[in-house]
Amino acid sequence: MVTPKASAELPTPLARTRLYEQVAEQIATWIRQNGLTAGDRLPPERELASRLGVSRATLSQALVALEVVGAVVVRHGDGTVLTGKHSESRIVEAIRAHAHRLPEIIDIRDALETKIAALAAQRRTEEDLVAIDAALDAMEASIEHGDRGVDADEQFHAAVTAAAHSDLLAQTMREIASLIRESRIESLSQPGRPRNSLNGHRAITDAIRARDPEAASAAMHAHVEMVSDVALLRDRDQGEGR
């Protein structure tokens, strides 16, 4: 009988594959089997769910994961369009990498954007308020047209950052913009979230307009906490027994 050495390392547990990851992989396989390439559109969700034999809810989560990692883009009125960014073998790897870094993205958003909001309340100009209000109007119009308002959401946070008048903070936010966009897509895909996010933006704007740094910081913190409540992290926490 062979006795393992005391110093030998135990094998690393295999990562549990979540259902939406399996569906994302199925979609990638289906894309390859049907010869689809960048620029092609996926079938409507109801049809694709039927073909794959999964629920609409699970399919939606898988499509969000594919969008977050850049494998597809969702265009209002044009459906889900392939980008050709990831090969079939890299899909789940990219999705898991996003899930792993999402909590840290939320942490850095909270740390930086609460400070940015406070500075914006102290330093904003009338021109800054015009830009912030324009972003609010753009997001409301986007939501009214049935879109999620991802680009307008980005426009709002950029306008608040500009109002802080800190070149270094602005540069830092630009450097992590692609990571923040991941969290933005993830969040705004939650049911009812675009409208709730818009309301959070309005609270931030009111505090900035009133030149109240503490209220602006608190409103931004509450906003980041709200947008960090996403299905992906709820599923992970339940899986870990928290």
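Positions are given from 1, in the same order as the sequence printed here.
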For salt bridge (charged side-chain N to carboxylate O under 4.0 Å, His left out), just list the numbers for E225 and R109, CA-CA rounded to whole Å, side-chain angles, deciding distance to a tenth of an Å, and then say yes or no.
CA-CA 10 Å; E225 278 201 329; R109 284 196 67 178; over 6 Å; no

Is it the case that over 12 heavy atoms from other parts of the model lie below 6.0 angstrom from the CG atom of D167?
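12 or below, so no.
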
Does a donor on one side chain sit under 3.5 Å from an acceptor on the other, for E113 and H223?
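No, because no side-chain N or O of E113 sits under 3.5 Å from a partner of the opposite role on H223.
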
side-chain contact (heavy atoms from CB on, under 4.5 Å) partners for R41, two or more places apart
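Result, side-chain contact (heavy atoms from CB on, under 4.5 Å) vs R41: D78, V81.
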
Can you name the salt bridge (Lys or Arg N to Asp or Glu O under 4.0 Å) partners of R202, sequence neighbours left out?
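Expected list: E140.
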
I'd like to check the salt bridge (Lys or Arg N to Asp or Glu O under 4.0 Å) partners of R174; sequence neighbours left out, ordered by chain and number.
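Partners of R174 under the salt bridge (Lys or Arg N to Asp or Glu O under 4.0 Å) test: none.
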
Does the pair L59 and I27 meet the rule for a side chain to side chain contact (heavy atoms under 4.5 Å, CB included), with working shown?
CA-CA 9 Å; L59 176 66; I27 294 171; 3.7 Å; yes

Test: ring-ring contact (aromatic ring centres under 6.0 Å, His included). Region: residues 27-67. Which pairs qualify, not counting sequence neighbours?
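Residue pairs passing ring-ring contact (aromatic ring centres under 6.0 Å, His included), neighbours aside: none found.
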
Using 4.0 Å as the upper bound for N to carboxylate O, is an ion pair formed by D128 and R123?
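No, R123 and D128 are not salt-bridged.
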
Of all heavy-atom pairs between G70 and T83, which one has the smallest distance, and what is that distance?
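Looking at all heavy atoms of both residues, the shortest contact is O-OG1, 2.5 Å.
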
Just jot down the side chain to side chain donor-acceptor pair (under 3.5 Å) partners of Q122, sequence neighbours excluded, or say none.
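So Q122 forms no side chain to side chain donor-acceptor pair (under 3.5 Å) with any residue.
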
I'd like a table of donor-acceptor pairs (distance under 3.5 Å, sequence neighbours excluded) in which one partner is a side-chain atom from residues 146-153, with atom names and distances.
| from | atom 1 | to | atom 2 | distance (Å) |
| --- | --- | --- | --- | --- |
| R148 | NH1 | E67 | OE1 | 2.9 |
| R148 | NH1 | S189 | OG | 2.9 |
| R148 | NH2 | E67 | OE1 | 3.2 |
| R148 | NH2 | E67 | OE2 | 2.7 |
| D151 | OD1 | R181 | NH1 | 3.4 |
| D151 | OD1 | R181 | NH2 | 3.1 |
| D153 | OD1 | R184 | NE | 2.5 |
| D153 | OD1 | R184 | NH2 | 3.4 |
| D153 | OD2 | S197 | OG | 3.2 |
| D153 | OD2 | H201 | NE2 | 3.4 |

